[in-house]
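Worksheet: one structure, shown below.
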Amino acid sequence: QVQLVESGGGLVQAGGSLRLSCAASGSIFSINDMGWYRQVPGKQRELVATITSGGATRYADSVKGRFTISRDNAKNTVDLQMNNLKPEDTSLYYCHAEIGVSPGTYDGGSYYFQYDYWGQGTQVTVSS
């Protein structure tokens, strides 16, 4: 069983900083992309930032220059450093990971199954 556990949300004033952390645990064979998404009530979940296993990053235009995503492949963790926070950053933030499980072998090769996993969400509130 695989789970993602987030931490680090909270209440901060505009211009302040927060750091979100997410740890993946369980029967993990491999992790491909990891990332952070956010969602406010009544709106679709949106991408904030993603990072590949090789360290390539992608950011939403609204957070470029303010947020930094990083990961530790040895610890199966991904962090999001959020600086110069704005009231419009207020949202429920979700950790996401593409995780390979149940590896096996067959004549001529090997295989595993990859699934999308989500954390339970951590609230970030930025006051003006």
Side-chain angles (χ1 to χ4, degrees):
Q1 188 173 355
V2 173
Q3 62 176 353
L4 301 180
V5 178
E6 302 130 334
S7 61
L11 172 65
V12 65
Q13 287 188 332
S17 298
L18 282 175
R19 188 176 184 89
L20 305 182
S21 295
C22 174
S25 63
S27 301
I28 296 170
F29 174 69
S30 65
I31 303 181
N32 195 2
D33 288 3
M34 302 185 82
W36 291 92
Y37 292 72
R38 64 188 183 188
Q39 187 174 23
V40 296
K43 291 191 175 181
Q44 285 191 331
R45 191 171 297 186
E46 64 175 6
L47 179 147
V48 177
T50 63
I51 184 168
T52 69
S53 57
T57 58
R58 181 164 64 112
Y59 295 92
D61 288 342
S62 59
V63 307
K64 282 180 182 177
R66 300 187 299 121
F67 291 9
T68 303
I69 189 170
S70 61
R71 66 187 282 176
D72 185 328
N73 290 333
K75 296 181 179 179
N76 292 337
T77 59
V78 61
D79 292 346
L80 185 69
Q81 177 65 42
M82 305 184 293
N83 297 328
N84 190 22
L85 282 159
K86 303 176 180 181
E88 51 264 42
D89 294 318
T90 295
S91 188
L92 191 59
Y93 283 72
Y94 294 92
C95 175
H96 169 263
E98 298 174 341
I99 297 178
V101 298
S102 304
T105 60
Y106 62 96
D107 286 345
S110 60
Y111 66 89
Y112 62 89
F113 299 93
Q114 181 167 290
Y115 299 100
D116 289 316
Y117 289 89
W118 294 88
Q120 78 282 2
T122 184
Q123 179 67 38
V124 171
T125 302
V126 185
S127 63
S128 57

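Residues: numbered from 1 along the sequence shown.
Counting only heavy atoms from C-beta outward, the side chains of C95 and V78 approach each other to under 4.5 Å. Inter-residue side-chain proximity for V48 and M82 is flagged as unmet; no heavy-atom pair is nearer than 4.5 Å. At least one side-chain heavy atom of E98 sits less than 4.5 Å from a side-chain heavy atom of D116.
Side chain of Q1 to backbone of G26: no donor-acceptor contact under 3.5 angstrom is found. The main-chain N or O of G100 is never found under 3.5 Å from a side-chain atom of Q114 such that the two would form a donor-acceptor pair. With hydrogens and angles disregarded, a donor-acceptor distance shorter than 3.5 Å links the side chain of S91 to the backbone of Q39. Between the side chain of R71 and the backbone N or O of T52, at least one donor-acceptor pair lies under 3.5 Å.
Connection of V2 to Y37 is not established within any shared hydrophobic cluster, with ILVMFWY side chains joined at heavy-atom distances below 4.5 Å, either directly or through further cluster members. Neither V12 nor V40 shares a network with the other; the hydrophobic side chains, linked directly or stepwise wherever heavy atoms of I, L, V, M, F, W or Y lie under 4.5 Å apart, form separate groups for each. A continuous path of ILVMFWY side-chain contacts below 4.5 Å connects V63 to V124, so both sit in one hydrophobic cluster. Under the 4.5 Å side-chain contact rule for hydrophobic residues, L47 and L92 share a cluster.
Heavy-atom minimum distance, Q120 versus V5: OE1-CA, 4.0 Å. Between L4 and C22, the shortest heavy-atom contact is CB-SG, 3.9 Å. Of all the heavy atoms in M34 and I31, the pair that sits closest is CG-CG2, 3.5 Å. Across N83 and S17, no two heavy atoms sit closer than the pair OD1-OG, 2.9 Å. The two atoms that bring S53 and N73 nearest to each other are O-ND2, 3.0 Å, heavy atoms only. In terms of heavy atoms, E6 sits closest to G119 at OE2-CA, 3.3 Å.
A distance of 6.5 Å separates OG in S70 from CD1 in I51, rounded to the nearest 0.5 Å. Rounding to the nearest 0.5 Å gives a distance of 9.5 Å between OG of S128 and CD of Q13. In this structure, CD1 in I69 is found 10.5 Å from CZ in R58, a value given to the nearest 0.5 Å. Separation of atoms CD (Q123) and CG (L11) is listed at 9.5 Å; rounding is to 0.5 Å. Distance check: I28 CD1 to Q3 CD gives 9.5 Å after rounding to the nearest 0.5 Å. Note that OG1 of T50 and OH of Y59 are 9.0 Å apart. Values are rounded to the nearest 0.5 Å.
Between Y112 and F29, the ring planes are tilted. Angles from 30° to 60° get that label. The aromatic rings of W118 and Y94 sit perpendicular, their planes meeting at an angle over 60°, well past the 30° parallel limit. Relative orientation of the Y115 and Y117 rings is perpendicular, given thresholds of 30° and 60° on the angle between their planes.
Applying the side chain to side chain donor-acceptor pair (under 3.5 Å) rule to S127 yields no partners; only residues at least two apart in sequence or on another chain are considered.
For Q81 and D79, the side-chain atoms include no donor-acceptor pair closer than 3.5 Å.
Applying the side chain to side chain contact (heavy atoms under 4.5 Å, CB included) test between F67 and each of L18, L20, L80 identifies L80 as the sole match.
K64 and D61 are joined by a salt bridge, as a carboxylate oxygen and a charged side-chain nitrogen come within less than 4.0 angstrom of each other.
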